[in-house]
Amino acid sequence: MPELPEVETTRRGLEPYLAGKRIVHAESRRARMLRRQPRDRDFADRLQGRRVIALRRQGKFLLFDVEGDLTWVTHLGMSGRMEVAEPGDPEAKHTNVVIRTADHEIRFVDPRTFGFMAVFTPEELAGSTIARLGPDALTDLPPSRALALRLEGRKPAIKSLLLDQRIVAGVGNIYGDEILHRARVAPGRPGGSLTFDEVKAIRRAIGPVLRAGLKYGGTSLQDLAYLLPDGRAGEYLDRLEVYGRDGEPCRRCGTAIRRSVISQRSSFWCPSCQS
DNA sequence: CCTCCATCCTGTGGGC
DNA sequence: TGCCCACAGGATGGAG
């Protein structure tokens, strides 16, 4: 999916079209997209006629405040994107949810349907996984000491722990590899084996890597599953140091980048720079 | 609590 | 061209 930079780019792209706007119509064309909504009819019922107050984000979740103390939640999953269109514009395949304001349509396009939408009451929100999300990796990064405590004694690879949204929210598979390369820590190292200096290096790498991704509008892979709300592709792909560069030379030292499988996900890393 | 792993989907690209 | 397999930006629930 879309990781933090892509989700934040999406949030910014939607803001002018949703902040302060009234929702006149909401419909889902695939029941699966509402699977987190306790009763799926609540989704349209709670949105229609209400105004969106503010667009927030925590980690990879979009959290839109809606009149009546409601939170409209979107997770883009692996292949989700949001489009801003005018009514009548041709629809992309897999347009699974459509939200209309007075003069625009917000379309949730998600081929793999790993994403979801829901409109939660405060109680429902408190009972959801969103309540268990760790601090946002961009806006709320905890100090190294706190991170070190969360890694202490942990057996899983640091790469897996970086992807654990309960520890820090927002890092995914691409930026996780980029962060570890910048911090010069090998992805397979057990979390509990890191020295405090290594934890500090990772902590220091998170902000710059995520901000660089954000600056270029995120990373659109070849399949273009992720696009900005206006339809443009993110431009960070060419700037990636390791992700997807299996066999290519490390830009720092020239050694061939390796691919390893860690927790059933690909990890790309430089065996000389990272140890 | 922790760790591991299968699972939910559709699309694409490579090898034969 | 067609077929089959591997793989893809994520999160979760259940087993142990």
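So you know, we letter chains A, B, ... as the sequences are listed, proteins then strands, and number each from 1.
Every pair passing salt bridge (Lys or Arg N to Asp or Glu O under 4.0 Å) that includes a residue from residues 129-154 of chain A is listed here, sequence neighbours excluded: Arg57(A)-Asp136(A).
Judged by centroid separation below 5.5 Å and plane tilt below 30°, Phe114(A) stacks onto the base of dG10(C).
Note on Arg32(A): only backbone sugar-phosphate atoms sit closer than 4.0 angstrom, heavy atoms only; bases stay farther off. Arg132(A) comes within 4.0 angstrom of no nucleic acid atom, judged by non-hydrogen atoms across all strands. Within 4.0 Å of Arg166(A), counting heavy atoms only, lies no atom of the nucleic acid at all.
Between Phe116(A) and His75(A), the ring planes are parallel. Angles under 30° get that label, and only those over 60° would be called perpendicular.
Within residues 150-159 of chain A, the residues having any heavy atom closer than 4.0 Å to DNA chain B are, in order of number, Arg154(A), Lys155(A), Pro156(A).
A salt bridge is absent between Glu8(A) and Lys60(A); no separation between the charged side-chain nitrogens and carboxylate oxygens falls under 4.0 Å. Under 4.0 Å is where a charged nitrogen must lie from a carboxylate oxygen, and between Glu15(A) and Arg11(A) at least one such pair does.
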With Watson-Crick and G-U wobble geometry limited to distances under 3.5 Å, how should the secondary structure of DNA chain B be encoded in dot-bracket form, using | for bases paired to another strand and [ ] for crossing pairs?
.|||||||.|||||||
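On the nucleic acid side, DNA chain B has its first and last nucleotide under 4.0 Å of a heavy atom of chain A at dC2(B) to dG11(B), going 5' to 3'.
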Show the distances under 3.5 angstrom between N or O atoms of the protein and N or O atoms of nucleotides 5-8 of chain C.
unit_1: dA8(C); atom_1: OP1; unit_2: Ser266(A); atom_2: OG; d: 2.3
unit_1: dA8(C); atom_1: N3; unit_2: Arg112(A); atom_2: NH1; d: 3.2

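Applying the side chain to side chain contact (heavy atoms under 4.5 Å, CB included) rule to Thr9(A) yields the partners Leu214(A), Tyr226(A), Leu228(A); only residues at least two apart in sequence or on another chain are considered.
Look at Thr129(A) and you'll find a side-chain N or O under 4.0 angstrom from OP1 or OP2 of dT12(C).
In this structure, Arg258(A) fails the cation-pi test against Phe268(A), since its NZ or CZ atom is not both closer than 6.0 Å to the six-membered ring centre and inside 45 degrees of the ring normal.
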